[in-house]
Amino acid sequence: MLVLDGKIAAAAVKESLKLKTAQLAAEGKRKPHLAAILVGNNGASETYVASKVKNCEETGFESTLIRLSENIDEAALLSTIHSLNNDPAIDGILVQLPLPKQISEQKVIEAIDPSKDVDGFHPINVGKLVQGLSTFIPATPYGIMLMLEHFNVQTKGKHAIVIGRSNIVGRPISILLSSNVKEGNCTVTVCHSHTPNLKELCLQGDIIVAALGRPGFVTAEMVKPGAVIIDVGITRVEDPTAKKGFRIKGDVAYEEVAAKASAITPVPGGVGLMTIAGLLKNTMQAYEQRVNRS
Ligand code: GUN
C-alpha cells in the first residue's frame with residue numbers, strides 16, 4: 001500500500017517553482033505576486049490563508065494579505081477587488097471562501113479579473129476548463145492531478161467515483177479525470193446526496209475521490225480491494241486531548257480503508273498540501289502570462 005504523501009509531492013512542486021523564481025531574480029525580473037483577501041475571523045480560513053502566504057514566501061513569491069472586517073459591505077469588497085485588478089504589480093487575486101452572509105460569493109468571484117483568477121472560480125475560467133482549454137485549474141483539483149502525476153498513478157480507462165459536486169472540488173475534478181490528459185481518461189461517476197446506491201457504486205471504483213465534508217464517511221465495506229483513495233475532507237472535529245482542542249479529519253476512515261487500498265492520501269498531510277502547490281503553480285502561470293503580454 002502506497003501512502004500518497006502530500007509533503008513529498010508538494011515539496012517537489014515548490015522546489016521547481018523556487019528554482020524558477022530564483023532564475024527570474026537572477027535575470028533582474030520582479031517576482032510573482034499573490035494578493036489574498038481574508039474577510040472576518042473564521043478560524044479555518046485564517047489557517048488556510050496564513051499557510052498560503054507562508055508558502056508564497058518560501059517559494060520566493062511576493063504576497064499581500066488584505067484583512068477586511070466581518071461586517072464589511074459587498075461594495076467595499078468589490079472596490080478592493082477592482083483596485084487589485086487594476087494594479088499592474090499584482091498577478092493573482094484570491095478571496096478566501098466562505099464569505100459573510102451579506103456578501104454574494106458569486107458577485108465576488110465574477111468581479112475578479114479572469115487573468116488574475118488563480119482560484120479558477122470565474123465562470124470564464126470554468127468554461128475554459130470544461131472545453132479543455134488552457135486556464136487556471138481550481139487549486140484542490142489541480143493539486144490532486146499533480147499528486148497523481150508525482151506518484152505515477154495510472155488513470156487511463158479506470159472508473160473514478162467522485163463523491164461531492166461542489167464548484168471547488170467535486171465538479172472540476174470530475175471534469176479533469178474524464179478529460180483526455182495524462183492523469184485523466186477515466187470513466188467518471190459523480191455521486192451526491194441524492195445518489196441512492198452509493199455503496200454499490202463506490203465498490204465499482206478503481207479510484208475514489210471523497211469530497212463531501214463528512215468525517216469518516218468512506219468505510220472499508222465501500223471500497224474495492226486495490227482501489228486508489230483520494231481524501232479531500234478537512235473537517236475540524238472537537239478533541240479535548242488535542243493542543244488546539246480539535247483534530248482535522250478526512251472523509252475516509254483511514255486505517256480500515258488503507259488496509260484494502262493500493263494507495264491512499266493521508267489527512268492531514270495529503271490533498272491539503274497539494275492545494276497550496278496548485279495555487280502556487282497558478283500564481284506562476286498568471287505571472288508568466290502577464291509578463292509575456294506586456
Ligand atoms: N475555501 C475553501 N477552499 C478554497 C479555495 O480553494 N479557495 C478559496 N478562495 N477559498 C476556499
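Values in this document were obtained by computation on a predicted structure and should not be read as measured data. Quick note: residue numbers are just sequence positions, from 1. Reckoned from all heavy atoms, side chains included, excluding hydrogens, waters and symmetry mates.
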Asn167: which residues meet the side chain to side chain contact (heavy atoms under 4.5 Å, CB included) condition with it, sequence neighbours left out?
none

Is any NZ, NE, NH1 or NH2 atom of the basic residue among Arg30 and Asp91 found under 4.0 Å from an Asp or Glu carboxylate oxygen of the other?
yes

Give a yes or no on whether the backbone of Gly213 and the side-chain of Asp251 come within a donor-acceptor separation of less than 3.5 Å.
yes

State whether the number of non-hydrogen atoms from other residues, nucleotides or ligands found under 6.0 Å of Glu27 atom CD is greater than 12.
yes

On a heavy-atom basis, the closest approach of Ile112 and His122 is O-CD2, 3.3 Å

Looking at CG of Leu4 and CE of Met274, how far apart are the two atoms once the value is rounded to the nearest 0.5 Å?
10.0 Å

Answer yes or no: is there a donor N or O on one side and an acceptor on the other, between the side chain of Glu256 and the main chain of Ala220, under 3.5 Å?
yes

If you look at every heavy atom in Val118 and Gly92, which pair is closest and at what distance?
CG1-CA, 3.8 Å

With hydrophobic residues grouped by side-chain heavy-atom distances under 4.5 Å, do Leu65 and Leu94 end up in a single group?
no

Side-chain heavy-atom pair Thr275, Leu273 within 4.5 angstrom cut-off:
no

Is it the case that one hydrophobic cluster holds both Val209 and Val218, taking links as side-chain heavy atoms less than 4.5 Å apart, direct or via other members?
no

Determine whether Leu203 and Ile207 fall in the same hydrophobic cluster, where Ile, Leu, Val, Met, Phe, Trp and Tyr are linked whenever their side-chain heavy atoms lie under 4.5 Å apart.
no

So, Glu149 and Lys182, do they make that salt bridge, N to O below 4.0 Å?
no

Does Glu238, at its CD atom, have more than 12 non-hydrogen atoms belonging to other residues, nucleotides or ligands within less than 6.0 Å?
no

Non-hydrogen atoms of Met1 and Ala261 that approach each other most closely
CG-O, 3.2 Å

Verify, without hydrogens or angle tests, whether Asp117 (side chain) and Asp113 (backbone) share a donor-acceptor contact under 3.5 angstrom.
no

In Å and rounded to the nearest 0.5 Å, what is the CE to CG distance from Met284 to Leu34?
12.5 Å

Shortest non-hydrogen contact from Asn71 toward Gln102:
C-NE2, 3.6 Å

Heavy-atom nearest pair, Leu279 first then Ala139, reads N-CB, 3.8 Å

Check the surroundings of atom CZ in Arg214: do more than 12 heavy atoms from other residues, nucleotides or ligands lie under 6.0 Å from it?
no

Value rounded to 0.5 Å, distance of CG in Asn55 from CD1 in Ile276
4.5 Å

Less than 4.5 Å apart, side chain to side chain, heavy atoms only: is that true for Ser115 and Gln289?
no

When rounded to the nearest 0.5 angstrom, what is the spacing between OG1 in Thr59 and CG in Leu280?
4.5 Å

Can you tell me which residue pairs pass the salt bridge (charged side-chain N to carboxylate O under 4.0 Å, His left out) test with a partner in residues 66-80, sequence neighbours excluded?
Glu46-Arg67, Glu74-Lys107

Roughly how far, to the nearest 0.5 Å, is CD of Gln106 from CZ of Phe121?
11.0 Å

Looking only at the side chains, is there a donor atom on one of His33 and Ser63 sitting less than 3.5 Å from an acceptor on the other?
no

Please lay out, stage by stage, how Phe61 and Thr21 fare under the test side chain to side chain contact (heavy atoms under 4.5 Å, CB included).
CA-CA 7 Å; Phe61 291 4; Thr21 316; 3.4 Å; yes

Side-chain donor-acceptor pair present, Arg165, Thr195, cut-off under 3.5 Å
no

Can any side-chain N or O of Asp206 pair as donor or acceptor with the backbone N or O of Val228 at less than 3.5 Å?
no

Report yes if some heavy atom in the side chain of Val190 is under 4.5 Å from a heavy atom in the side chain of Ser174; otherwise report no.
yes

How many angstroms lie between atom NZ of Lys281 and atom OG of Ser16, to the nearest 0.5 angstrom?
5.5 Å

Any side-chain heavy atom of Leu68 sitting closer than 4.5 Å to one from Leu38?
no

Could you check whether Arg247 pairs with Asp239 (Lys NZ or Arg NE/NH1/NH2 to Asp/Glu carboxylate O, under 4.0 Å)?
yes

Flag if over 12 foreign heavy atoms under 6.0 Å of NZ, Lys260:
yes

Ser178: which residues meet the side chain to side chain contact (heavy atoms under 4.5 Å, CB included) condition with it, sequence neighbours left out?
Val188

Do Leu24 and Pro32 touch side chain to side chain, with heavy atoms closer than 4.5 Å?
yes

On a heavy-atom basis, which atom in Leu201 and which in Cys191 lie closest, and how many Å separate them?
CD1-SG, 3.9 Å

Go through the steps to decide whether Glu288 and Lys20 satisfy the test salt bridge (charged side-chain N to carboxylate O under 4.0 Å, His left out), and finish with yes or no.
CA-CA 11 Å; Glu288 286 175 334; Lys20 246 186 186 175; 3.3 Å; yes

Treat each ILVMFWY residue as a node, draw an edge where side-chain heavy atoms are under 4.5 Å apart, and state whether Val153 and Ile137 are in one component.
yes

Between Asn185 (side chain only) and Val181 (backbone N and O only), is there a donor and an acceptor less than 3.5 Å apart?
yes

Decide yes or no on side chain to side chain contact (heavy atoms under 4.5 Å, CB included) for Met145 and Ile173, but give the supporting numbers first.
CA-CA 8 Å; Met145 299 303 272; Ile173 193 67; 4.0 Å; yes

Counting C-beta onward and ignoring hydrogens, is there a side-chain heavy-atom pair between Ser262 and Leu2 closer than 4.5 Å?
no

Apply side chain to side chain contact (heavy atoms under 4.5 Å, CB included) to residues His150 and Ile8 and explain how you reach the verdict.
CA-CA 9 Å; His150 183 88; Ile8 295 172; 3.6 Å; yes

Above 12 or not: heavy atoms from other molecules or residues under 6.0 Å from NZ of Lys52?
yes

Is there a path of hydrophobic side-chain contacts, each under 4.5 Å between heavy atoms of I/L/V/M/F/W/Y residues, joining Leu198 to Val257?
yes

Verdict with reasoning, Ile163 to Ile208, per side chain to side chain contact (heavy atoms under 4.5 Å, CB included):
CA-CA 8 Å; Ile163 313 174; Ile208 296 179; 4.1 Å; yes

Decide yes or no for Ile168 and Asp119: does some side-chain heavy atom of the first lie under 4.5 Å from some side-chain heavy atom of the second?
no

Using only atom types and a distance under 3.5 Å, with no angle test, would you say the side chain of Gln96 pairs donor to acceptor with the backbone of Tyr48?
no

Taking the side chain as every heavy atom from C-beta outward, state whether Ser134 and Lys128 have any atom pair closer than 4.5 Å.
no

Quick one: do the Asn125 and Thr135 side chains pair a donor with an acceptor below 3.5 Å?
yes

When you measure from the side chain of Asn42 to the backbone N and O of Ser45, does any donor-acceptor pair fall under 3.5 Å?
yes

